[in-house]
Visitor: 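Before I ask anything, here is the structure I am working with.
Since this is a predicted model, take the numbers as computed values, not measurements. Each chain gets a letter, A, B and so on, in the order its sequence line appears, and its residues count up from 1.
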There are 2 protein chains.
Amino acid sequence: MPNSPVSAKDVAELAGVSRAAVSRCFTPGASVSPETRAKILKAADKLGYQVNRLASGLIRNESGIIALICAELSTPYRSQLLAALTAALQRAGKVALVINTDRSDGSVEQALRQAISYRTDAAVFLSGMPAKSLAETCRRNGMRLVLINRDEGYPGSLLVRLADAEAGRRAVGLLQAAGCRKLALASSCADTPSLVGRERGFRAAATKAGLDWIELRHGTTSYETGLELGMSLLTRQDRPDGIFCTTDLMACGIIDCARWRFGIRVPDDLSLIGFDDIPQSGWEGYELTTFQQPVDEIAEKSVEWLLTGGASETAEEVSFVPILKPRKSLRRGFDPDVRALP
Amino acid sequence: MPNSPVSAKDVAELAGVSRAAVSRCFTPGASVSPETRAKILKAADKLGYQVNRLASGLIRNESGIIALICAELSTPYRSQLLAALTAALQRAGKVALVINTDRSDGSVEQALRQAISYRTDAAVFLSGMPAKSLAETCRRNGMRLVLINRDEGYPGSLLVRLADAEAGRRAVGLLQAAGCRKLALASSCADTPSLVGRERGFRAAATKAGLDWIELRHGTTSYETGLELGMSLLTRQDRPDGIFCTTDLMACGIIDCARWRFGIRVPDDLSLIGFDDIPQSGWEGYELTTFQQPVDEIAEKSVEWLLTGGASETAEEVSFVPILKPRKSLRRGFDPDVRALP
DNA sequence: CTGAAAGCGCTTACAG
DNA sequence: CTGAAAGCGCTTACAG
């Protein structure tokens with residue numbers, strides 16, 4: 001029972017070649033003759049040899065590891081993005097190191113230090129944002145950064161943006177078109193760039209349309225917050241009949257609050273638009289009209305950039321526009337031909 | 001702009017000590033005098049030094065990386081377990097390499113090979129199961145295995161089990177106590193050890209009680225399957241009034257199907273019990289009575305075993321019993337003192 | 001407590 | 001195409 005994994009040396013001996021030849025055999029593009037390759041492959045297979053990526057990463061200065069830094073990863077939207085990212089990474093022959101961050105101070109910094117110590121080729125931030133100095137350290141170390149749904153990029157990083165404000169703007173138009181008289185903007189206090197963008201767009205459009213609207217922000221970005229948002233909004237004298245909620249998860253809470261606590265019918269008495277298109281939005285109890293985050297495209301694009309891309313000095317940026325996913329939470333009678341709408 | 005990360009050598013030079021001293025300074029338990037330690041720490045901090053875990057892993061034969069192998073990780077239950085596991089690992093100073101597996105052949109084998117090539121200290125299987133020969137290879141390489149909700153363990157591995165059959169059994173009693181006349185067992189065709197165990201327990205108890213029950217299995221383990229299960233079950237002549245569904249996700253589908261497609265009231269006309277206790281089960285539209293998987297304890301225990309534990313030759317095993325989480329999907333009037341029930 | 005030296009498993013110029 | 005040799009950044013006996 002050999003307690004040590006087989007190394008290239010073992011394979012070389014069995015195949016009767018040098019360790020360099022073995023190494024070449026597993027290096028794409030290196031030159032080995034068909035005969036030696038065959039001999040080596042045979043020996044490797046027999047011994048169950050796997051290249052030691054720790055060693056090769058050390059020498060080649062490329063570990064093949066990508067850090068995925070993320071808070072609250074069990075949340076529907078996050079876990080979908082995480083799944084898409086790990087899958088895309090795997091298809092590209094890379095591997096994902098998942099690091100949780102929590103609300104505590106220094107948590108993202110610590111995550112990034114972990115990433116650095118494993119010499120990950122890159123770090124993808126699904127949430128949170130590294131301090132500029134730390135980002136600089138990463139870049140010096142040849143580590144690439146992709147920032148998803150963040151405000152600003154850093155030199156040599158990829159910023160993946162979503163047209164959040166645009167969605168907020170469109171929500172106002174859609175709610176109006178659905179015949180809503182009293183609009184509300186519901187959000188959490190998380191103040192992430194995504195939420196802030198959606199809120200801003202809503203405000204801009206509502207202002208422009210000369211509308212008077214209610215605005216409410218509460219707690220964390222969760223289902224429970226949706227419930228509380230619903231409690232506040234739906235007990236008001238001037239109860240809104242059209243709500244744009246910055247997140248599907250919270251919107252589900254509002255719907256449940258409306259339906260089960262107040263008997264308010266969606267969409268008859270209340271129209272609602274969310275954002276994200278989490279799986280639950282499609283469930284029959286919700287049927288939430290929402291803006292879909294193109295999770296797969298985001299993942300695909302991020303990985304593609306990671307793979308190619310000379311480390312440019314400027315911050316690169318890609319933008320996606322969330323696609324409206326019409327379901328049943330907007331009052332009927334509104335024109336289903338969405339393209340014709342604002 | 002130095003494009004190479006700082007190494008122990010740089011720190012040693014700046015601090016005026018040997019590279020060995022620097023290494024010791026970052027090795028718990030190694031002997032360094034307070035003065036040299038201070039000098040080194042200062043220099044390291046100034047340079048932004050981070051120990052290269054690739055190199056230390058190589059030399060110490062311990063990478064600090066744990067592979068988490070998992071299919072469909074964006075599913076509510078899986079993503080919760082994944083979050084718990086990564087968090088527990090981080091608290092222990094380890095790091096999680098997340099590998100997706102899909103339904104395709106050889107997918108788990110490939111995942112495990114990835115893990116081996118990164119010389120992960122261990123692999124945790126959240127789903128799927130490695131072939132015995134591969135498991136043996138892992139053990140020879142000093143890699144530990146933890147198998148969650150699997151059927152059998154391997155020598156030197158930890159098997160984490162849940163009392164699935166027990167839950168299935170209790171479900172029958174609870175449904176009976178709720179006054180249900182016609183029971184049904186609803187599941188997917190996934191045939192995982194967990195599902196099979198729950199099904200078996202149900203059957204055993206129903207048989208023992210001399211009950212006649214309907215049994216239906218369908219598709220994958222998903223919300224959509226729940227919908228279809230509902231369609232089949234609720235259109236029957238002898239429509240059941242009590243269902244044990246092996247998974248909350250599917251149970252949510254059944255509830256929605258009953259409520260929105262047939263106007264069947266839960267729990268008045270239909271009682272339901274699920275399994276997992278995913279967050280959605282607590283949402284107001286579901287209020288599903290279910291058995292809770294102790295996700296945090298499972299994660300905690302797994303990591304603890306990973307940290308301690310001489311590699312014993314036998315397969316170790318821990319069992320958890322899922323806790324009944326009473327909500328509102330069981331018909332009222334049934335004794336809320338759950339302890340008194342079967 | 002400390003440093004010089006050997007070695008982990010690999011890759012990559014460098015000759016041939 | 002192939003091998004001998006140097007070197008990646010670290011740790012760990014081994015002396016002192």
Visitor: Taking atom P of C:dC8 as reference, at what distance in whole Å does atom CG of B:N141 sit?
Guide: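 After rounding, the gap between these two atoms is 16 Å.
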Visitor: Just the rounded figure in Å: distance from P of C:dC10 to CD1 of A:I40.
Guide: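 Rounded to whole Å, this separation is 13 Å.
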Visitor: To the nearest Å, give me how far apart CD (A:E62) and C1' (C:dT12) are.
Guide: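 So the two atoms are 15 Å apart, to the nearest Å.
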Visitor: Mind calculating the distance between CZ (B:R60) and P (D:dG9) to the nearest angstrom?
Guide: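 So the CZ-P distance, B:R60 to D:dG9, works out to 19 Å.
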Visitor: Which heavy atom of A:V318 sits nearest to which heavy atom of A:K301, and what is that distance?
Guide: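 Result for this residue pair: CG1-CE, 3.4 Å.
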Visitor: With nearest nucleotide decided by heavy atoms, which residue, B:L54 or A:P34, maps closer to the 5′ end of DNA chain D?
Guide: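 So the residue in question is A:P34.
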Visitor: Where the side chain of B:L58 is concerned, which of D:dT11, C:dC10, C:dG9 is the nearest nucleotide?
Guide: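 From the listed options, C:dG9 comes nearest.
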Visitor: Only distances under 3.5 Å count here; give the side-chain donor-acceptor pairs of residues 71-78 of chain B to other protein atoms, sequence neighbours excluded, each with its distance to 0.1 Å.
Guide:
| residue | atom | partner | partner atom | Å |
| --- | --- | --- | --- | --- |
| B:E72 | OE2 | B:R103 | NH2 | 3.3 |
| B:Y77 | OH | B:N149 | ND2 | 3.4 |
| B:Y77 | OH | B:Q293 | OE1 | 3.3 |
| B:Y77 | OH | B:Q293 | NE2 | 3.4 |
| B:R78 | NH1 | B:A71 | O | 2.5 |

Visitor: Could you check how far CD of B:E13 sits from C1' of D:dG9, rounded to whole Å?
Guide: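 Rounded to whole Å, this separation is 14 Å.
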Visitor: Are B:T120 and B:I66 side-chain neighbours, meaning at least one heavy-atom pair lies under 4.5 Å?
Guide: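 No, side chains not in contact.
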Visitor: Taking the side chain of A:S23 as heavy atoms from C-beta outward, which of D:dC10, C:dT11, D:dT12 is closest to it?
Guide: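 Nearest nucleotide to the side chain: C:dT11.
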Visitor: Any chance you could lay out the side-chain contact (heavy atoms from CB on, under 4.5 Å) test for A:V160 and A:S302, step after step, and finish with the verdict?
Guide: CA-CA 8 Å; A:V160 179; A:S302 302; 3.9 Å; yes
Visitor: In Å and rounded to the nearest 0.5 Å, what is the CZ to CZ distance from B:F320 to B:R161?
Guide: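 It is 13.0 Å, given to the nearest 0.5 Å.
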Visitor: Applying a 4.0 Å non-hydrogen cut-off, can you work out what B:Y49 is touching in the nucleic acid: base, sugar-phosphate, or nothing?
Guide: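 Sugar-phosphate contact only.
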Visitor: Extract the stems that DNA chain D is part of, considering only consecutive pairing runs of at least three Watson-Crick or G-U wobble pairs, both distances under 3.5 Å.
Guide: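 Looking at DNA chain D, the stems formed by three or more consecutive pairs are C:1-3 with D:14-16, C:5-12 with D:5-12, C:14-16 with D:1-3.
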Visitor: Calculate the interatomic distance between A:Q50 atom CD and C:dG9 atom P; express it in whole Å.
Guide: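 Interatomic distance, CD of A:Q50 to P of C:dG9: 15 Å.
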Visitor: Got a second to check how far A:Q90's CD is from A:L85's CG, nearest 0.5 Å?
Guide: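 Going from CD on A:Q90 over to CG on A:L85, the span is 11.0 Å.
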Visitor: Quick one: CG on A:D102 to OG on A:S107, what's the gap to the nearest 0.5 Å?
Guide: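 So the CG of A:D102 and the OG of A:S107 are separated by 4.0 Å.
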Visitor: What is the distance from CG of A:N52 to C1' of D:dC8, rounded to the nearest Å?
Guide: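 Answer to the nearest Å: 13 Å.
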Visitor: Within the 4.0 Å limit for protein heavy atoms, which parts of nucleotides 2-7 of chain D are touched? Write it as a string from 5' to 3', B for base, S for sugar-phosphate only, - for none.
Guide: BBB--B
Visitor: What's the separation between atom CD in B:Q50 and atom CZ in A:R113, rounded to the nearest 0.5 Å?
Guide: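 Between B:Q50 CD and A:R113 CZ, I get 5.0 Å after rounding to 0.5 Å.
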Visitor: Taking A:Y118 for the side chain and A:L97 for the main chain, is one N or O donor matched with an acceptor at less than 3.5 Å?
Guide: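 Pair absent, no side-chain N/O of A:Y118 close to backbone of A:L97.
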Visitor: Rounded to the nearest angstrom, tell me the gap between atom CZ in A:R119 and atom C1' in C:dC10.
Guide: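 After rounding, the reported distance stands at 17 Å.
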Visitor: Pick the nucleotide of DNA chain C nearest each of B:A30 and A:R53; which residue has the one closer to the 5' end?
Guide: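 Checking each residue's closest nucleotide, the 5'-ward one belongs to B:A30.
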